[in-house]
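This report concerns only the one structure given below.
This one's a predicted model, so the numbers in the text were calculated from it and none came from an experiment.
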Amino acid sequence: LTPVSNSTLSFCGSDNSSAYKVDNGLLNNGCFLDALGVVPHVFLLFSTFPILFIGWGSQSSKVHIHHSTWLHFPGHNFRWLLTIVLLLVLVCEIAEGIVFNQSRHLHLYMPAGLGILAAITSIVYYHNIETSNFPKLLIALLIYWTLAFITKTIKFAKYDDHGIGLRQLRFCITGLLALLYGLLLGVEVNVILRRRYMWFPCPTEVKPPDDLQDLGVRFQQPFVNRLLSMLRTVVLHNILVETLCAAQEKGPVPLKGSRWIWLALRQAFGRPLVLSITFRFIADLLGFVGPLCISGIVHHISSDNHSVKLLGVHFISSEAFLANAYVLAVLLFLALLLQRTFLQASYYVAIETGIKLRAAIQTKIYHKIMRLCTSNMSMGDMTTAQICSLVARDTNHLMWFFFLCPNLWAMPVQIVMGVLLLYSLLGVSALIGATVIVVLAPLQYFVATRLSRAQKSTLHTGERLKKTNELLRGIKLLKLYTWEHIFRSSVEETRRQELRKLRTFALYTSLSIFMNAAIPIAAVLIVSRTLIATDFDLSPAVAFGSLSLFHILVTPLFLLSSVLHSTVKALVSVQKLSEFLGSTEIKIDQDPAVQTTATENNNSNIKSVVSSASCPSQPIVNGYFTWTQGCPTLTSIDIKVPFGQLTMIVGQVGCGKSSLLLAALGEMQKISGNITWKRGSVPYASQRPWLLNATVEENILFDMVPNEKRYKEVIEVCQLQPDIDTLPQGDQTVIGERGIILSGGQRQRISVARALYQQTNVVFLDDPFSALDIHLSDHLMHEGILKLLRQEKRTVVLVTHKLQYLPHADWVWAFNTVQSFHKDLKGHPVCKPELFEQWRTLMNRQDKSSTSTDEDSLRAELHHRTTIPWSSFATYLHAAGLLLLPLLVLSQLSKHSLMVAIDFWLAHWTSRCRCVNPQTLCHTCLSINTHTHTHTHTDMYHSSYLQVFCGLCALGIVLCLVTSLAVEWTGLRVSRELHCSLLHTIVLAPMRLFETTPLGNILNRFSADTNTIDQHIPVTLECLSRSTLLCVSAVGVISYVTPLFLIALLPLAVACYFIQKYFRVASRDLQQLEDSTEMLLLSHYSQTIEGLTTIRAFRHEQRFKKKLLEHTDANNISSLFLMAANRWLEVRMEYIGAFVVLIAAVASISNTLCSQLSAGLVGLGLTYALMVSNYLNWIVRNLADMEVQLGCVKRVSGLIHTQPENYDGLMTPAQVPAGWPKYGEIQIKNLSVRYDSSLKPVLRHINSHIRPGKKVGICGRTGSGKSSFSLALFRMLDTIEGQIVIDGIDIAKLPLQTLRSKFSIILLSPVFLSFNLDPERKATDQMLWEALEIAQLMPVVKALPGGLDAMVTEGGENFSQGQRQLFCLARAFVRKSSILIMDEATASIDMATESILQKVVMTAFADRTVVTIAHRVHTILGSDVVIVMKHGAILEYNEPDVLLEQKDSVFSAFVRADK
């Protein structure tokens, strides 16, 4: 033979008997037809390569590729789709040529290989033509598609002439190729004809698409822009509002309850959910390809392939091709890729829909808040925490319900398809296995429903959080009164009730996990016994195909409890949402006045609404107002407010002064009467100052146009410049949540400055002087109200207790009670002579209230991006104890080891039984007796294997139960230990912790972090341990079956390591971003709720709604990116898992062909390889989740390690004399104290002697150390030197609990608790009524339903500020200690009531020591001794008469200023 003939033989093969016969013509030779098909490919490659690599590959030509020439030819997307399909068909043609050991016949796959290279070249060539806009070069593609179509059509026709039909795979492939080449030819012709290219003289001019103008972002920018535009909250909210309105109005009768919300959600977000369900259906159907391929691989692993020879070419049928083990391995790989892709697409669409739904509902809630009646919160029907919970938790429940909703439809499909496929493999035995699942389904449903109920009960942790919040807010009072242990016991009792619910939840969770793991084992066991009893051929193919199907059936069983939990949460959340949306609303003016804004160059006075100030306006005529349904709060209200003048409202505590302002602002429900004024924006400074978590400047400007001149003027009027100078960044300092870094006086002055800066016609000020000292009050009154506002002709309504300012008023309105309203005391003294005389007597008195800044500070917290230390995991496990931790580890290891042993035994059993199965023997060589003997021997053989299998399965079921119980009980014990330690530490912690740490941070440890430790970490720990051990065991089994797998495992492991490392960093950052944006969102909600009255008074609703949209959009985008990152991880990890399956399958098949590996081990390896693809991404996901959740343990552990106060003393309680202190003598010797070891002393070298029963008054400017003086008596501060001796005993030697229980103190800020008068329950009802009578509160309490047992709302919101302070006085009267400290206790009480209380205190505590920190200097004129303090030292110390005689004394200056 010549060399040419040798090369020809290498192309057509060595079978020269028929492969080269051309007797009937060249076109009747199969090898020639294949060679003819090479011609188009060679033409395209040789014609395009010079253009691609010489022309466009040069640097000089690259400048011509610019976005301005970027075009899309007609049929662009269709061309790409056809090319992809063409590549897939060519791959199949190559596989068909190689798979049957015909490697010497190159013509069977070489043309297809060149076809793949040509197809790739064509699409690259086409892409360059588009980018360069040089369509004349399309001539090469036109010729190529024509030649390819002609050659494939000729080949297809010759196959048909020789009787080659659809049963032959190559016939089908050739027909598909001819069709694809024909379609591509049609696309090319369409481009030429529509654009008039090549031979047409005038081609059509086309501009590039708008979204491709920037070449660098031409792929990403359009997608991201469309995505973010679809996520805009305002668009989603408008969609939801339209559907809600349509749902409410649907039908003749509107829907009741929560049905209308479900209907609206379905109409607004149903379509993308249907798309997600469709993707899920496709993914679930593709998931069943795996078990079928495993069964086919194991069944055909040793079978021969048969082919026929026509036209001198080997042909194989489609059935034989698909039955080949290697082909099945590739199909399994492709099916896994497609299944994972559709599954992740379903997840992505569902979670994107859920995020959109959450954003729309959150915005709807916010719009409802803007119309919410204030009484809903003030009367306790709704709290800020409940609304924030609705926003944070319930909207998330609905989001996750939409995410899991496709499972509701997918689970029945999975179960039905699984049972049908099992029936096709096992016959009637599959129905028995299905019957086992069906019989156990009611039990599982019972457990799932009980679990849902238990979880529903654990969702209601509000009572514990309410008590914890009360404890934290009143911790200073509780420590001073030694009630912290009483309230801790109350919280612990609530926690015990919660733990009982959590214990029930843990039990049913354990049973659910156990049943999910045990039911498949029980089903496999019963099916195996049935198969042996019916003499079924239990081959490895059947066994492991069925085992894989049973593993798939675990998924819907496992998801059942999760879906039920999510459904129950969603139902509860929608019910709560329905109740909230149906709550009472206020009537909002549909046409509000336009807000007046300042300009840079305009600081002129505001014109009065009417020209004459003597022409009064009567905004309320015969008004009856109420907060709730029932008796009116305000009756017969007729009030005149002259425009451009100052109107003052005065009255006793609780008479309705603040309510009158709110009624005028439209915040109360009007029963009858008329509100005649059409108000616009009304600057309103509330009694409790409300500030934004923003800079000082932003709080004052309040979104007004900056006006530097006016800004400085307002700062000067409110005396804020010295305070601003002390702040770290001046007026650009962020003041924190609720202005936490500021004192009470500073917060009040910023609130007033905001009202003064606004240039509007009307200003409402509600008791703005209550937290200000004498000098600040005078300056604000004269420079701010009387000068600044009057010069601008502004109408001012001022509620105050400062009666010395009444002469400056143009009109005075006085309240006596809520049922009696007196007008213009200044002009009409005869209206109520006795009341007028009482007010006139006190006219020249002045009050002062200072709030010590000693205890108001904020510790700066810097956010560091650090990895969560795994020491937190050690802390978590350490809390589990020495019994549960080893049980948890051993049970997990034992369980998974036993699961592997069960599968190994099944592989060994099925492989061996093939050797003795009579059906595998030659039936022609067996007699009936031999068959009977063999059958008996087979039964005995199966029996021995079956016994071992049953024992292993039974032990596995027991270990499943032990493992599930161990995990849940470990989590339960850790929850109990950490919460108990945290509560104990917080109660014993020094006050410095609460003064330097925001309350929300500490409360978050008891709420979100505790909830994570209670319910999330145990689940994550169980999933992480299970996924890790399953993957480790799977890798071990595959490596044992095919050691060659270890070679491919190394690069896969490296890829997994870098993917998980990259993901964990990104996931942690995205999680922190989502948390931070969610915190800003929730903070905006809480700020809005707390300042709702102020916002509506200013008419800034639209501004805050716009800010809400910004926060919501930011949170939605961060959430979407986090979810996209999860999808990114899962796609890559599952693709790696698919490669693991492919490598394991190919290695197992090759190993079997080379070393006769048993089919059972092949099936075992492939089954475990599928497990790797299922659980690999869960390892990384759970690892990232665990890393984030351990942050909760870290934060809780950080608080637990707080150094507690030293409650012990040198003396025991038994050594303290009975009745101490009996006399109340206080000796202070060279005392210096500080708040913290890192701070400077606040009291320096104090020396004082207070005799028994004396009344001591302490006064001084703000920050002089008055409150620190009182706190030192309770050992609330660190003592540097000196001592305090009371009745002969150094208080440093006393136990802290004993010391504080002997004194009473009344603080400036009233603290309301659930048990206000007698938490220790030591006093009788008579003693309580007596204390209430002394505090002037008996009529108020008697009017309450329940009297002494009446419940108060959170923070005592159903009482006025003054009434709350009176309750604090009553609390001290109940205790009747020998020493009473009154720390500015009457700041919010009117002068008349204060005068009465001063007399009562002097009478009730006549023989006891009383230390009064003065808020009104005249109240301490009757004291035995007056102490004047300055900068932490005693400046003056003497009797008041002596100090008054000294004209140069500081005290006398105070008194002169008070006149």
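Annotation: side-chain contact (heavy atoms from CB on, under 4.5 Å) contacts of T1279 (sequence neighbours excluded): L1231, V1233. A search for ring pair (Phe, Tyr, Trp, His ring centres under 6.0 Å) contacts involving H782 returns H808, not counting sequence neighbours. Every residue two or more places apart in sequence or in another chain that forms a salt bridge (Lys or Arg N to Asp or Glu O under 4.0 Å) with R1195 is listed here: D1009. Taking the side-chain contact (heavy atoms from CB on, under 4.5 Å) definition, one finds that I715 meets it with I700, Y711, L720, Q721, I724, sequence neighbours left out. Checked against side-chain contact (heavy atoms from CB on, under 4.5 Å), T695 has the following partners two or more places apart in sequence or in another chain: E697, E698, Q732, V734. Every residue meeting the side chain to side chain donor-acceptor pair (under 3.5 Å) condition with T1077, not counting sequence neighbours, appears here in chain and number order: N1115, S1118. Applying the ring pair (Phe, Tyr, Trp, His ring centres under 6.0 Å) test to Y1085 and every residue at least two apart in sequence or in another chain returns Y366. Partners of E716 by salt bridge (Lys or Arg N to Asp or Glu O under 4.0 Å), not counting sequence neighbours: none found. When the side chain to side chain donor-acceptor pair (under 3.5 Å) test is applied to E1074, the partners found at least two apart in sequence or on another chain are Q1071, S1119. Take R790 and apply the salt bridge (Lys or Arg N to Asp or Glu O under 4.0 Å) test, not counting sequence neighbours, and it matches D810. Residues forming a salt bridge (Lys or Arg N to Asp or Glu O under 4.0 Å) with K712 (at least two apart in sequence, or on another chain): E708. In this structure K787 satisfies the side-chain contact (heavy atoms from CB on, under 4.5 Å) test together with E783, Q791, sequence neighbours excluded.
Ring-plane geometry between Y684 and F764 is classed as perpendicular, the angle between the planes exceeding 60 degrees on a 0 to 90 degree scale with a lower cut at 30.
The shortest non-hydrogen separation linking P683 to S681 is CD-O, 3.7 Å.
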